[in-house]
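Not measured: the values here are computed from a predicted model.
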Amino acid sequence: MQGALARGRGLPGRLLLFAVLSAALAGLWYGTSLQAMAAVARAPWSAAEEGLVHRWGVLGLCLVWLWLKRRVIGAGMRAGPHRGYAAFGLACLLTSPLWFSPGDLLLAMVGVFALVFGRGAAVPALLLGIYSFAVVLPVAVEQYAAEPYAGIVAAPAALVLDSLGYALVRDGLELRFATASGEALRVSVTAACAGPATMGLFLALFALMLLDRPLPAALAVPVFLVGVVGTWCQTLVRTLVLVLTGHYFGLAALWSAHEVSGYLLFSAWYAAFAVFYLHQAQREHRSAVALPARA
């Protein structure tokens, strides 16, 4: 008991140590990442202009979750340093220069946090993993599986449009069709258009919801599959909307729709999925409360 109290009294000193070490790392080795984070904080709309909403949006949500889990983190921090977490923290520090910006700075800070606070780094490390996955997934898809991933949207889109009676020719990932005024248009469905960033964003949001409102595995798996299929469907709907916009209103209108349609459709879809998820979580909670009462 006395040892726990002593560790608790050392908490302000360890907080100061963490702040000093993090500031030194940011200033000496991760200035680029610090500047990038500061630039987005000053002008959040720049993330949309650069097509990086998924990257900065997930980071912002992870920071919100850090605040929501502050009591859990605080309890771990009071336990003091831990050998296993110290080794993890050292590994984070050594590998952070190999990571992307600003993930390199965040990985280094989690490393310092693990060295100083031990078990308190569990939740920050998990959130960093969620953020990193959302960033890395679209990059990996575009580098290693661009054509197959684009094809899972291009082929069904062509099939749907053909079944609706629109004259359209698909040549691999290229869709050729005519506008209502007779102008010939060609649209290439790239891997980025097929929505790996959107899928990464969905997976990150699902993980955060699962962290906050856990579901049993037997329920989490089907709910997750509904979300994955729904996210793919909203990407397919977006492709159809863009082609039909080009058909009826021309190329300029297609590009205008291209800029905003993804944000609008995904926001609407995920709002509906979040309601579905929370309904399932609430129903599971009521069932869990009712079981002991019946027993």
Side-chain angles (χ1 to χ4, degrees), residues 47-58 133-206 223-276:
E49 294 172 353
E50 297 172 11
L52 297 176
V53 170
H54 69 288
R55 176 177 296 193
W56 293 104
V58 171
F133 181 82
V135 174
V136 169
L137 177 64
V139 176
V141 166
E142 291 184 38
Q143 186 167 352
Y144 300 109
E147 287 193 19
Y149 199 91
I152 65 174
V153 171
L159 184 63
V160 170
L161 289 166
D162 183 66
S163 67
L164 293 175
Y166 289 93
L168 178 142
V169 176
R170 182 173 75 92
D171 182 10
L173 302 178
E174 187 177 82
L175 305 179
R176 297 197 295 268
F177 57 96
T179 67
S181 61
E183 178 187 0
L185 286 183
R186 294 188 301 175
V187 175
S188 293
V189 180
T190 65
C193 295
T198 302
M199 187 61 74
L201 179 56
F202 164 76
L203 295 174
L205 290 172
F206 182 84
V223 170
F224 171 75
L225 292 176
V226 168
V228 169
V229 172
T231 302
W232 174 82
C233 286
Q234 70 86 34
T235 301
L236 175 61
V237 169
R238 177 175 180 259
T239 303
L240 296 173
V241 167
L242 292 177
V243 172
L244 292 175
T245 300
H247 171 73
Y248 287 109
F249 303 105
L251 184 60
L254 186 153
W255 281 112
S256 296
H258 187 277
E259 295 295 321
V260 299
S261 58
Y263 301 127
L264 295 176
L265 286 171
F266 182 80
S267 298
W269 150 242
Y270 200 84
F273 177 78
V275 171
F276 169 70

**Message:** Checking L236 against I152 for the side-chain contact (heavy atoms from CB on, under 4.5 Å) test, could you report, in this order, the C-alpha distance in whole Å, the side-chain angles of both residues, the deciding distance, and whether it holds?
**Reply:** CA-CA 9 Å; L236 175 61; I152 65 174; over 6 Å; no
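- Closest approach of A154 to G172, counting heavy atoms only: CB-O, 4.4 Å.
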**Test side-chain contact (heavy atoms from CB on, under 4.5 Å) applied to F133 and V58, step by step** = CA-CA 10 Å; F133 181 82; V58 171; over 6 Å; no
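- Surrounding CD of E147 are at most 12 heavy atoms belonging to other residues, nucleotides or ligands under 6.0 Å away.
- Atoms CD and CG, on Q234 and L264 in that order, are 11.0 Å from each other to the nearest 0.5 Å.
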**Request:** Run the numbers on T235 and F266 for side-chain contact (heavy atoms from CB on, under 4.5 Å), then give the verdict.
**Result:** CA-CA 8 Å; T235 301; F266 182 80; over 6 Å; no
**Request:** Check step by step if side-chain contact (heavy atoms from CB on, under 4.5 Å) holds for F177 and V187.
**Result:** CA-CA 8 Å; F177 57 96; V187 175; 3.6 Å; yes
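- Side-chain contact between F273 and T231 is absent, with no heavy atoms from C-beta onward closer than 4.5 Å.
- Atom CZ of R186 has 12 or fewer heavy atoms from other residues, nucleotides or ligands within 6.0 Å.
- Between the side chain of R238 and the backbone N or O of H258, at least one donor-acceptor pair lies under 3.5 Å.
- The two residues A158 and L175 come nearest to each other via the heavy atoms CB-CD2, 4.1 Å.
- Residues A197 and P138 share a closest heavy-atom pair of N-CB, 3.7 Å.
- There is no side-chain donor-acceptor pair under 3.5 Å between S188 and T190.
- Of all heavy-atom pairs spanning L137 and P196, the tightest one is CD2-O, 3.9 Å.
- In this structure, CH2 on W255 lies 13.0 Å from OG1 on T245, to the nearest 0.5 angstrom.
- Taking the six-membered ring where tryptophan is involved, the planes of Y166 and H247 are perpendicular, since the angle between them exceeds 60° and thus also 30°.
- The distance from atom CG of L254 to atom CG of L185, rounded to the nearest 0.5 Å, is 7.5 Å.
- T239 and A157 make their closest contact through CG2-CB, 3.9 Å (heavy atoms, listed as atom of the first residue, atom of the second, distance).
- Smallest separation of non-hydrogen atoms from G151 and P156: O-CD, 3.7 Å.
- Remark: Y149 OH to W232 CH2 distance equals 11.0 Å, nearest 0.5 Å.
- One finds the CG atom of L240 at 11.5 Å from the OG atom of S261 (value rounded to the nearest 0.5 Å).
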